[in-house]
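Below is one structure, written out as structure tokens, with a few remarks after it.
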Amino acid sequence: MSTVSTAYDVAAVRADFPALRAGAAHFDGPGGSQVPRQVAHAVAATLGSPIANRGQVTEAERNADAVVVAARAAVADLVAGDPGGVVFGRSMTQLTYDLSRTLAAGWGRGDEVVVTRLDHDANVRPWVQAAQARGATVRWADLDPDTGELTPDALAAVLSDRTRLVALTGASNLIGTRPDVAALTALAHEAGALTHVDGVHLTAHAPVDVAALGADLYACSPYKFLGPHLGCLVAAPSLLETLHPDKLLPSTDAVPERFELGTLPYELLAGTTAAVDYLAGLGGDDGDRRARLVAGLTAVEEHEDRLRLRIEDALAELPGVTLWSRAAHRTPTLLLTFADRAAADVTRELAARGVNAPSGSFYAIEVSRRLGLGDTGGLRVGLAPYTDDADVDRLLDGLRAAVGRA
Ligand SMILES: Cc1ncc(COP(=O)(O)O)c(C=O)c1O
């Protein structure tokens, strides 16, 4: 029987998400969350307002400028960063490729770059390819396939005084593992390396403080935290000042604009601000936006953890289901495989019941291979701020039917 959380008004949250009226139970949030109407309205309102290139002469120019300034402030509040170090781009993947080439301009033979087996490929391949192009060496911090953990020992084993950069994840989008990022970045810094933390999955599920994480460079994607489709990179402006990406001759050399190629998608930036404001709104009315964001994301984390434990308890009763999400500290992201069934078949059966839980490796291909799941991966159940007990009931009914226990 379902229990209802009193601390968090999930019914009120759900009422804000027009997409939920279509009726599906969405466990596909790690691939991209649904969007509250406030975000959709902000996007539409920006497109319906006078808008031009950024400037201060016309109303249209001032609108564009205000949208950019507001979005940088919003993302800075979300991750406790500096608005002057918030870079926007089409996606985290695009930003990471661009950044990897820029950083790699200073690498050569003898330099080392560390990537991990826990990461999404967007925080692996750009670094591997950039290092190879410069003759630098790539070293791999291993994932423990039994526990799903990426330990400080695993990182220490591949660090040296030649390490220039450590690219690691804040949380795995495949199995949810939240490594001890502060401990890992402390080791990287002791070795004299920069850290690039992939916060795409983490940012949707917990309050983030980039300084506390020790992230010199932090990447996230608003479409994973209730916003529109684009990516962000956050760093100290002083660090960005030292980097010189390729850019057009007439475009500004100012930071952070130096890193933003071409005209920014103003409507999506307005949607990003609205998403951050929405998350802050989940934290009540007290304090500034940062304080409300911490409260809101803490409430989201508690809500999602309660539902995750409900699912895990039920899974333990289901024969032939393997749960690969095992780390001590993790997001509500469960990877499942089935003894007698292909995960993709179970995904199709769930979809026929209006339960969206896709299967694959979700580009965390190194994780999938290290777990022995090849390139196939498994079925991923991801929770979001709008997930409720009725969604969980539908998921569990569908899984019971899939393993013949209905
Ligand atoms: C952990 C993680 N990192 C990176 C990415 C890539 O993000 P983007 O689609 O913004 O390039 C994803 C997308 O699924 C992800 O889950």
Side-chain angles (χ1 to χ4, degrees), residues 32-33 35-99 102 200 203 210 217-241 243-281 288-290 292-293:
S33 55
V35 171
R37 66 188 154 76
Q38 292 86 339
V39 169
H41 286 172
V43 173
T46 305
L47 290 171
S49 307
I51 200 96
N53 286 337
R54 295 175 67 186
Q56 293 303 325
V57 176
T58 66
E59 181 191 1
E61 289 175 353
R62 286 190 296 273
N63 283 346
D65 196 57
V67 161
V68 176
V69 170
R72 294 202 206 286
V75 171
D77 277 352
L78 180 66
V79 301
D82 183 328
V86 174
V87 177
F88 290 107
R90 197 182 73 72
S91 63
M92 179 275 185
T93 302
Q94 177 250 307
L95 285 167
T96 308
Y97 260 116
D98 286 350
L99 179 68
T102 301
V200 173
T203 313
V210 285
L217 299 144
Y218 186 86
C220 59
S221 299
Y223 76 98
K224 309 285 191 181
F225 57 81
L226 316 182
H229 292 85
L230 77 166
C232 319
L233 170 69
V234 183
S238 56
L239 171 59
L240 296 180
E241 290 288 354
L243 304 177
H244 296 279
D246 286 338
K247 61 173 272 304
L248 302 182
L249 192 59
S251 70
T252 177
D253 200 33
V255 165
E257 285 82 357
R258 184 192 288 179
F259 295 84
E260 296 171 327
L261 306 179
T263 309
L264 286 170
Y266 302 122
E267 63 279 9
L268 303 185
L269 298 191
T272 299
T273 303
V276 171
D277 284 336
Y278 188 84
L279 290 168
D288 61 12
R289 183 168 56 189
R290 172 66 191 165
R292 287 182 284 116
L293 278 163

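Residue numbers start at 1 and run along the sequence shown. Being a predicted model, the structure only gives us computed values, none of them experimental.
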Nearest atoms (heavy-atom pairs only) where A275 meets G227: CB-CA, 3.6 Å
Considering all heavy atoms, the nearest V39-P228 contact: CG1-CD, 4.1 Å
Spacing of OG belonging to S33 relative to CG belonging to L226, to within rounding of 0.5 Å: 4.5 Å
Exceeds 12 heavy-atom contacts within 6.0 angstrom, atom CG of D253: yes
Y223 side, atom OH; L230 side, atom CG - distance, nearest 0.5 Å: 10.5 Å
Minimum-distance pair of heavy atoms, taken over all atoms of A42 and A274: CB-CB, 3.7 Å
Test item: S251 side-chain N/O and K247 main-chain N/O as donor-acceptor pair under 3.5 Å: no
Which atom of P256 lies closest to which atom of G84, heavy atoms considered: CD-O, 3.3 Å
Shortest non-hydrogen contact from V75 toward C232: CG2-SG, 4.1 Å
Intermediate values then yes/no, side chain to side chain contact (heavy atoms under 4.5 Å, CB included), Y266 and N63: CA-CA 9 Å; Y266 302 122; N63 283 346; over 6 Å; no
Spacing of CZ belonging to F259 relative to CG belonging to L240, to within rounding of 0.5 Å: 4.5 Å
CG on L233 to OG1 on T96, rounded to 0.5 Å: 7.5 Å
Validation row: H244, R258 side chains within 4.5 angstrom (heavy atoms): yes
Matching residue for T272 among P265, P222, S221 - test: side-chain contact (heavy atoms from CB on, under 4.5 Å): P222
Pair N53, E61: side-chain N/O donor-acceptor within cut-off below 3.5 Å: no
Full working for side chain to side chain contact (heavy atoms under 4.5 Å, CB included) between K224 and T203: CA-CA 8 Å; K224 309 285 191 181; T203 313; over 6 Å; no
Straight-line distance of F88 CZ to Q94 CD, nearest 0.5 Å: 13.0 Å
V43 and L47: CA distance, side-chain angles, deciding distance, side chain to side chain contact (heavy atoms under 4.5 Å, CB included) verdict: CA-CA 6 Å; V43 173; L47 290 171; 4.3 Å; yes
D288: salt bridge (Lys or Arg N to Asp or Glu O under 4.0 Å) partners, not counting sequence neighbours: none
Side-chain (R292) to main-chain (G281) donor-acceptor, under 3.5 angstrom: no
Salt bridge R72-E260, side-chain N to carboxylate O under 4.0 Å: yes
R62 (side chain) donor-acceptor with V57 (main chain) under 3.5 angstrom: yes
Taking every non-hydrogen atom, the tightest pair across V67 and A270: CG1-N, 3.9 Å
Charged N-O contact under 4.0 Å between R290 and D77: no
Among V87, T102, L261, side-chain contact (heavy atoms from CB on, under 4.5 Å) partner for P245: T102
Gap between atom CZ of R289 and atom CG of L279 - 0.5 Å precision: 11.0 Å
